[in-house]
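Data first, discussion second: the structure below is written as structure tokens.
Only this structure's heavy atoms are used, side chains among them; waters, hydrogens and symmetry mates stay out. Every chain is numbered from 1, with letters handed out A, B, ... down the list of sequences.
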Amino acid sequence: MQTRVLFFGKLKELTGAAEQSVELRSGATIADLFDRFSNETPALASYRSSVVASRNQEFAPWSTVLEPGDEIAFLPPVSGG
Amino acid sequence: MQTRVLFFGKLKELTGAAEQSVELRSGATIADLFDRFSNETPALASYRSSVVASRNQEFAPWSTVLEPGDEIAFLPPVSGG
Amino acid sequence: MSLSAHDDLITLGRDPIAPDALIRHVRQAHDGAVVTFDGCVRNHSHGRATFYLEYEAYESMALEKMREIAASLHTLFAIDSVAIAHRLGRLEIGETSVFIAVSAPHRKAAFEACRHAIDTLKKTVPIWKKEFFEDGAVWADGELPPVPAATPAVKPAS
Amino acid sequence: MSLSAHDDLITLGRDPIAPDALIRHVRQAHDGAVVTFDGCVRNHSHGRATFYLEYEAYESMALEKMREIAASLHTLFAIDSVAIAHRLGRLEIGETSVFIAVSAPHRKAAFEACRHAIDTLKKTVPIWKKEFFEDGAVWADGELPPVPAATPAVKPAS
């Protein structure tokens with residue numbers, strides 16, 4: 001199952017990429033997806049508690065089960081305005 | 001004792017004059033001044049409870065004793081803005 | 001026109017109000033927020049179509065009360081500067097009768113000060129609005145300004 | 001640019017924001033009040049001199065969240081219309097990063113809606129600010145948006 005993943009702000013700098021595409025097993029959650037990137041980029045793990053996720057441009061809990069074609073983004077605390 | 005008296009808004013329309021100069025006995029109060037105009041223009045009396053007075057451009061209670069050269073104004077409810 | 005100690009700009013006159021000039025006056029490089037209030041002439045009042053308005057003022061006292069409002073904002077809120085303009089005379093639908101701009105390092109103070117300024121202006125500044133309708137004119141309902149309590153009368157010397 | 005059902009104007013882009021156009025958009029003959037908020041780039045932050053800022057956004061989601069804010073204002077407050085503009089990219093000191101204009105028949109609703117709009121924008125819209133100082137750059141402290149509670153997971157069909 002193909003999932004598009006976006007990183008912003010500090011998280012983009014840590015992962016070194018704004019956008020990636022990953023192959024996941026069916027039934028994987030947003031939490032599983034974040035863990036996978038934390039394995040590649042261990043510094044990410046320490047940000048877990050100050051990150052929220054979105055699924056198809058709506059804020060989504062970590063337990064959300066991914067569906068094919070989803071666009072998932074990991075968002076640090078927002079600071080617009 | 002000479003006192004300058006100003007009327008605004010509805011009160012100006014009732015008295016027919018924006019500004020008048022009156023001669024008052026020493027010791028007269030703002031309330032005395034209003035009563036004097038109410039005698040000339042009885043309709044004024046019914047506005048007494050919805051009028052405030054100013055003395056030399058500061059809001060002043062009815063009991064204020066007038067001094068020579070005072071500028072007294074009678075002000076209906078304000079509606080600027 | 002009047003510049004106070006805080007470099008506030010307070011005006012009362014018959015010419016149209018120029019919001020841009022008031023905003024430029026208050027907006028400085030150390031400000032993070034500018035909040036403005038534009039009071040405009042509505043095309044209706046109490047369910048009736050308004051033709052136009054006329055404002056009159058006890059001008060010298062009104063200007064002084066507007067200055068007092070600006071000065072009080074500096075003591076009540078962490079703001080930078082204030083501009084308050086009120087227009088007098090005949091105003092057509094859509095025209096600005098009062099404009100207030102407040103700058104501050106942070107937005108909370110700018111919002112609260114701007115709101116406080118217009119609320120206080122409507123309660124304490126001697127300005128009166130007459131509303132003209134198709135079938136006549138009325139002085140708008142207003143608010144009676146608070147008057148300080150009487151102090152013991154002092155007999156004048158003369 | 002986006003026009004909602006309420007004729008609100010919501011924009012997100014790299015060009016300088018034009019407050020006058022936003023104000024003209026919301027200001028109608030039946031309005032008695034227009035309140036605006038101008039968020040400007042301050043020349044200092046946490047006691048340090050700021051050189052400039054850079055804003056980035058999850059653009060499509062940010063625009064949608066801004067639209068949601070405008071829509072919510074109509075359900076929460078007795079307002080007429082709303083304009084919200086946020087700028088992205090590099091911004092110099094004194095430039096406007098965000099501008100909000102709200103029109104209403106009466107001032108209370110205009111003030112409360114404008115304040116609510118900027119407070120909510122700062123909490124929920126995916127935009128990030130990087131502050132550039134003489135000796136480096138930092139991502140500004142921000143707020144973590146609230147996330148809806150988990151609903152019972154539905155196993156996807158595939």
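With rounding to the nearest 0.5 angstrom, the CD atom of C:Q28 is 10.5 Å from the SG atom of D:C40. The distance from atom CD1 of D:I118 to atom CZ of C:F111, rounded to the nearest 0.5 Å, is 7.0 Å.
C:H30 touches chain D through backbone and side chain together, each having a heavy atom under 4.5 Å away. Heavy atoms closer than 4.5 Å to chain D are found in the side chain of C:D20, but not in its backbone. Using a 4.5 Å cut-off between heavy atoms, C:E112 contacts chain D through its side chain alone, with no backbone atom that close. At a 4.5 Å heavy-atom cutoff, the contact between C:T96 and chain D is made by backbone and side-chain atoms alike. Neither the backbone nor the side chain of D:S97 comes within less than 4.5 Å of any heavy atom in chain C. Only the backbone of C:V41 comes within contact range of chain D, with at least one heavy atom under 4.5 Å from a heavy atom of that chain.
Around NZ of D:K130, the count of heavy atoms belonging to other residues, nucleotides or ligands within 6.0 Å exceeds 12.
The one candidate from C:R107, C:R24, C:R27 that meets the salt bridge (charged side-chain N to carboxylate O under 4.0 Å, His left out) condition with D:D38 is C:R27.
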Do C:R115 and D:R115 pass the side chain to side chain contact (heavy atoms under 4.5 Å, CB included) test, and can you show the C-alpha distance, the side-chain angles, and the key distance before you say yes or no?
CA-CA 11 Å; C:R115 176 82 186 269; D:R115 176 82 186 269; over 6 Å; no
For a side chain to side chain contact (heavy atoms under 4.5 Å, CB included) check, start with the C-alpha distance between D:H106 and C:R42, then their side-chain angles and the critical distance, and finish with the verdict.
CA-CA 10 Å; D:H106 301 285; C:R42 268 205 315 279; 3.6 Å; yes
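When each of D:I23, D:V35, D:T36 is scored by its heavy-atom pairs under 4.5 Å with chain C, the top score falls to D:T36.
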